[in-house]
Structure formats: structure tokens, C-alpha cells
Amino acid sequence: MLPEQTPLTELKGVGPSVAARLEALQLHSIQDLLFHLPLRYQDRTRLCPIGSCRIGTEALVEGEVLAAEVTFGRRRSMLCRIKDHSGIISLRFFHFSAAQKNALKPGTRLRCYGEVRGGKTGLELYHPEYQFVHNNDAETLPAYLTPVYPTTEGLQQTRLRGLIGQALDRLNVTIGLRDWIPASIRETLGFTTLVEAIVFLHRPPAGEQIYSSLQALALGQHASQRRLAFEELLSHRLCLRQLREQAVQLNAPTLIKPDQLRQKFKSQLPFALTKAQQRVANEIDADLQLGTPMLRLLQGDVGSGKTIVAALAALQAVENGYQAAVMAPTELLAEQHFLNFSNWLEPLGLTVGWLSGKLKGKKREAQLQSFRDASAQVIVGTHALFQDGVEFANLGLIIIDEQHRFGVHQRLALREKGASSTHLPHQLVMTATPIPRTLAMSAYADLDCSVIDELPPGRTAVGTLVISNSRRDDVIERIHNACANGSQAYWVCTLIEESEALQCQAAEVTAQALSKQLPDLAIGLVHGRMKAVEKSAVMDAFKRGDLQLLVATTVIEVGVDVPNASLMVIENPERLGLAQLHQLRGRVGRGAVESQCVLMYQSPLSKTATQRLSVLRESNDGFYIAQRDLEIRGPGEFMGTRQTGMAELKIADLVRDAALIPKVQEIAYTLWEQYPSHAQAIINRWIGHKEQYGHA
Ligand code: ADP
Ligand code: MG
């Protein structure tokens, strides 16, 4: 019987109600149960002499009851003292019955399992599990560590453990679990078989190696865990490969017309492209000529000039009679792009369209009409661009900025916008934050990668200071001095709350306070709740130099560009991720003057926070910072709340298992080429048929 097709109701004790609870854990088949791995283990394979029990650990002890009595402390409880050859320990119960107490007669032998605490009477076990041991019973200890599974309300641990036990008992008897990694490959990798790994993880055997096993298991580094993590990573890699293959089967517009528009555009720019920009632009140009969809990731540190490269790609589409759509994750960033693209492209005689969720009524209708009749050639907007009711006349290229805030699913949804059963638009994905190599190799494995690894000339490294908010006056003095010397400054407010309203309020309060302390400076305020016209009025005044200090929420993270600003103060930087801080800091250091970023933290600062902020002080390299951010915070946090598919890993951990990733890449290639049916089976097993990142 195939385990993926065997329903859970095959097991003893599973009726509709238990099945529903299992369903809530995403457990639908016997195979799912087998892959439902323990969170941790309890060691009940050996007895711990009472005298050697350590507080804070869990222990299995056995002893003779001395007495059981009810005590009346702050809470009524029953205390039962037991003794072995090495010491005495008390079992404490807050919920108990008279019958229970009566059964605990002096002289009875008990075996108990629980967490050892330091209580009033010395060592205590609170509400331990216990059983009676009879003299002539040959009471044996379990031969395995006891697994503790993730479970859900209404499904007891012991129940779930029993069900998984049933599944394991049937494994290799009535149920076969096929190992889709061919033996020859498995052996070169030094892995055990799939079944061995699964059985081990559910039932790690007692014995001499138990200490080291427990330790490795707790760290997620046991060979069996690595074996499964490898296969899971492999499945994701293969799935992305499959998506890619499906996409490149389709046709895309062949954008081969001569680059007159692009030449004109470049000659208008006040600077020449950097070598890196030119190289990446050429890579994109070559892709767009091919007639198969481009799937390319464009990476570059903050300020490396990705937008211009994107504009060149858009022009290539327009030159060939197609539209290009540019999507950004926030309203403000989208607005910035809209302004940039309008300034660049309107002089060339093009029309730039605009769409965001806030655009309503007649204006919205007019915009939508211009997308449909192709009177807008380049269209900029937020994710509103891929909502229903938005149609394009002939979308040839999709550019997505700030990729890691969009999930894989959204990327695919937009891809479908301009798609037909035979055609797909080209796709360029830009990240504002560099993606660490291991992530790029896994989460973005369906994309080709281009890197702008050079900043435009004339940038100065930003000096970063980490200062306690007890020195706020010094910081204000610094602003005063910088502005007295003709520079401009930013003051960035962050807030604990996710609430935008509170964040904006905090910025307002700060702006008022700073106005009092710095009466001779012209101070402006910008936050996400202001109307677009108000915001752009403030931003323009700051750009013109009419404002010297700009107080802002993190909305200025992206897209603001004022070379004369040379000082940035970030309040409570400990609340933001490193990548985001680096992004913010990239707003200064764009002009000739030496720039500074002051990270003004709320003291005291935790140890990790100190460690994190020092990464920023030490480095200006976005790739290095992203890598450290990933290591410190883990992939879920790093990728943001709107996670990509990859953050949904069950067993593997992109940081812990980073060393596996190059091998995963290599083996995925081999399987894809030489064992396609195995590759498909691995995708199905781990990711399922329905959930393959949408239906691209
Ligand atoms: P990012 O990669 O962070 O998105 P942008 O595209 O916003 O960077 O560019 C940052 C700034 O650098 C912009 O003001 C842009 O006009 C400018 N810039 C881009 N390329 C060059 C270049 N080759 N030389 C000088 N300045 C450039
Ligand atoms: Mg940018």
C-alpha cells in the first residue's frame, strides 16, 4: 500500500473526530504521520538515582513511597515522598483525589517522570507521570527515547505518539516508503536510507550513544535529521526548477529592435553607467532577445543604481511595441519610481501610467483604460497591478522591485497577468536588500542572477556610531553642527508597534520636540499617513534644501535621494533588522561630504542587539550584512512577514543547514536530468500536488 494514499482512518482508534484533529496538523495520510517529526525527546531509557537528579532537567526516577500527605500552603497540594538508595525526592500534585492519595501507601514502589525543581522540601517533581512497579514484575525500561511531537488542542501527546507508533509498526510490513534518492547517490553522500532515518528520529534507540544522540538531535545536527533536511531542500529546489522549466517552455516577446530609445535615454543622463551596470544591462538585453521568458534576479547593494538598469529594460520592451510594468511593495516606493520613470521617460515622448490601491473612481478608470489601449507604455504601481480587473494591452516585461517582501506566490500571480497558454512576459526581479548566497541558491533557484557589484563613483563610506539615548543631547548637537556647515540631516523614528498610526504619531511628537531644541533649523516631517501631495511637498522642500532636518518614519527607507544629506540619526535601531538599517543608512553618503549614521539605541541593550548593531558599525557591505542578519535572526524574520515559499520549510533550516545547499543544488541537477520520475516523486512527497507555489 502506498503510504501517501493510505488514509489515517486505516489506523486503530482514528474516527472522524480524531481525523479532523490530525487534519488540523496537516496530517492527511500515513506518510504525513511518518514525516511528522518530534520537537524533542525525553529520556526514559535509564533510571536516574535520586541523589544525582539535577534541577531543571527531566528525569526518570524509581523509589519507595515513604509517606503521602496533604499540605496547606499557598495552594493545597498533595506531597508524596519517595526514596531510593541515593536520596529522597517529593512528588507534588495540585490536582489529586482521595483515592489517588490512598493508593500511594508507604512501601509501594513508583516509577516517575517529570521535571526536577527545587521546592520547599528540597528536590520536587511537579505533577510527574507515574506508574506502580510491582516486585515480581520484570518492569523493563523503554528501548527508545520518548518522542514529543508538535500537537494540537484536543489531541493528546500520548494519543499522537500511539498513532505514529502504529504507522511505524506497519512500515516495511504493510507499508513501503520508497527512497527516491537513488542508492548510488545516497552512498556518495554518506546518508542512511530514508526509512532508517525516519525510524531513528521517531525511535532513537537506548544505549551507549544516547548522550551524543540527544545532543545532536537537540541541535538539529543528527545524521538522520540532515538526511531529511537534505531531501526537503532538494524538493524545494526541484520544485523551483520545475516552475522554471514550465515557464521557459512558453514563448516570450523577442525584443530585438535597435536600441535607439535606450541610446537617447543614456545620453540624457548626467552620468555614465558604471561597468557593473553596463554588464548587467547587457545580460538583460541578451535575455530579452531570446524569445523565451527571462527570469532574472537583479541584486545590488543599496545605491548601486538598479533603477536605471530596470529603466533600460523597460525601454527595450517599449521600443519593440510592448508595455512594461514596474511593481513596488509600498506606496511610497512606487511613487518614487513613478516620479523617476516619469522624469526619465516623458522627455522621450512616452506615457507612464500609475496604479495603487488608493487610486479610485474616474482617475482609476482613466488609468486602467490607458493600460488597456496601450496609451501608457510603462506602468508603475503597487501590488494593485495584479488585482482582478487590471488588464494590459501587451505586457512584455514585468519588473518587481524589493522582491523579498513579495512571496513566490505573488511573483507567480503577476507573471500570469500578461500570460496566455503559450506566452509569458519577461520578468526582472530586483532586491533592495542583497540576498545571502545560500538563500539565493535556494529560495530564488528558479531565477538567473545578475549582480551590480560596484557603486557609482564619488560615494563616500558612511561612518556608523552606536550611541545610547542617554546621550541624546550630544546627538542633537551633532545635527546642529552638520546643518551649520551647510549639510542636511535625517532623523528616523521607529516604533515597537506594527501600527502605522502610532508610528506616525511618534514621529510627530519627535518633530515637535526637535523644533524646540533646534529653533534655528527648518524642520520637516514625513510619514506614511500623509497625503501623497503633502508628502511630495515636504520631500521636494528637503531636496531643494529649504528644509535642513527631515524627521521621518521608516517610509524613507527606500527611494529618497538627497546627496547633500550627510547625517542620519536612527532612533531605536535595535527594533529593525540589519538589512533594513543598512538600507536606511544608504540614504546618506551620496554626496561629496563625509557622512555619518548615528544609531541611537534605548539602553540597556541586549547582548544580541549589541552584536547586531556592531555588524553595522564594522561593515558597509550589504552582502556581508545580509548574511549576518540571516544568521542572527533566521530566515523567517529575515525574509519579512510575507514570507516566500521557502520559509515554510518543515525540517530544514536555511541557516543551520546552509552547508548542505551546494550539494542540494548538484544532486537536484542530477535527479532532474537522470531520474525525472524520482524528482517528481520527491516534489510530490514534500510539497504536494496542489501547493506547488500556485499553478504557474
Ligand atoms: P538602488 O540600487 O539602491 O535602487 P538607485 O537606482 O536608486 O539605487 O540609484 C541611486 C542613486 O544613484 C540615484 O540617484 C541614481 O540616479 C544614481 N546613479 C545611478 N547610477 C549612477 C551612475 N552610474 N553614476 C552616478 N550616479 C548614479
Ligand atoms: Mg532602489
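Whatever order the structure lists them in is the order used to number ligands and atoms, beginning at 1. Reckoned from all heavy atoms, side chains included, excluding hydrogens, waters and symmetry mates.
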Does a donor on one side chain and an acceptor on the other come within less than 3.5 Å for [X] and [Y]?
X	Y	answer
His426	Asp287	no
Ser375	Asp373	yes
Glu508	His527	yes
Asn320	Gln316	no
Thr274	Gln277	yes

Short N/O distance, under 3.5 Å, between [X] and ligand 1?
X	result
Leu273	no
Gly303	yes
Trp344	no
Lys306	yes
Thr307	yes

Min heavy-atom dist Met430 to ligand 1 below 4.0 Å:
no
Which ligand 1 atoms are under 4.0 Å away from a heavy-atom of [X]?
X	value
Ala272	22 (C), 23 (N), 24 (N)
Ile308	19 (C), 20 (N)
Thr274	23 (N)
Val302	3 (O)
Ser304	2 (O), 8 (O)
Arg459	11 (C), 12 (O), 17 (C)

Would you mind reporting whether Gln427 and Pro293 have side-chain heavy atoms less than 4.5 Å apart?
no
Taking atom CD of Glu346 as the centre, report whether more than 12 heavy atoms of other residues, nucleotides or ligands fall under 6.0 Å from it.
yes
Is the number of heavy atoms from other residues, nucleotides or ligands under 6.0 Å of Glu594 CD greater than 12?
no
Return the minimal non-hydrogen interatomic distance between Leu424 and Ala252, and the atom names on each side.
O-CB, 3.3 Å
Heavy atoms only: which of Ala310, Pro270, Gly305 lies closest to atom 9 (O) of ligand 1?
Gly305
With a heavy-atom distance limit of 4.0 Å, tell me whether Gln277 approaches ligand 1 through its side chain, its backbone, both, or neither.
side chain
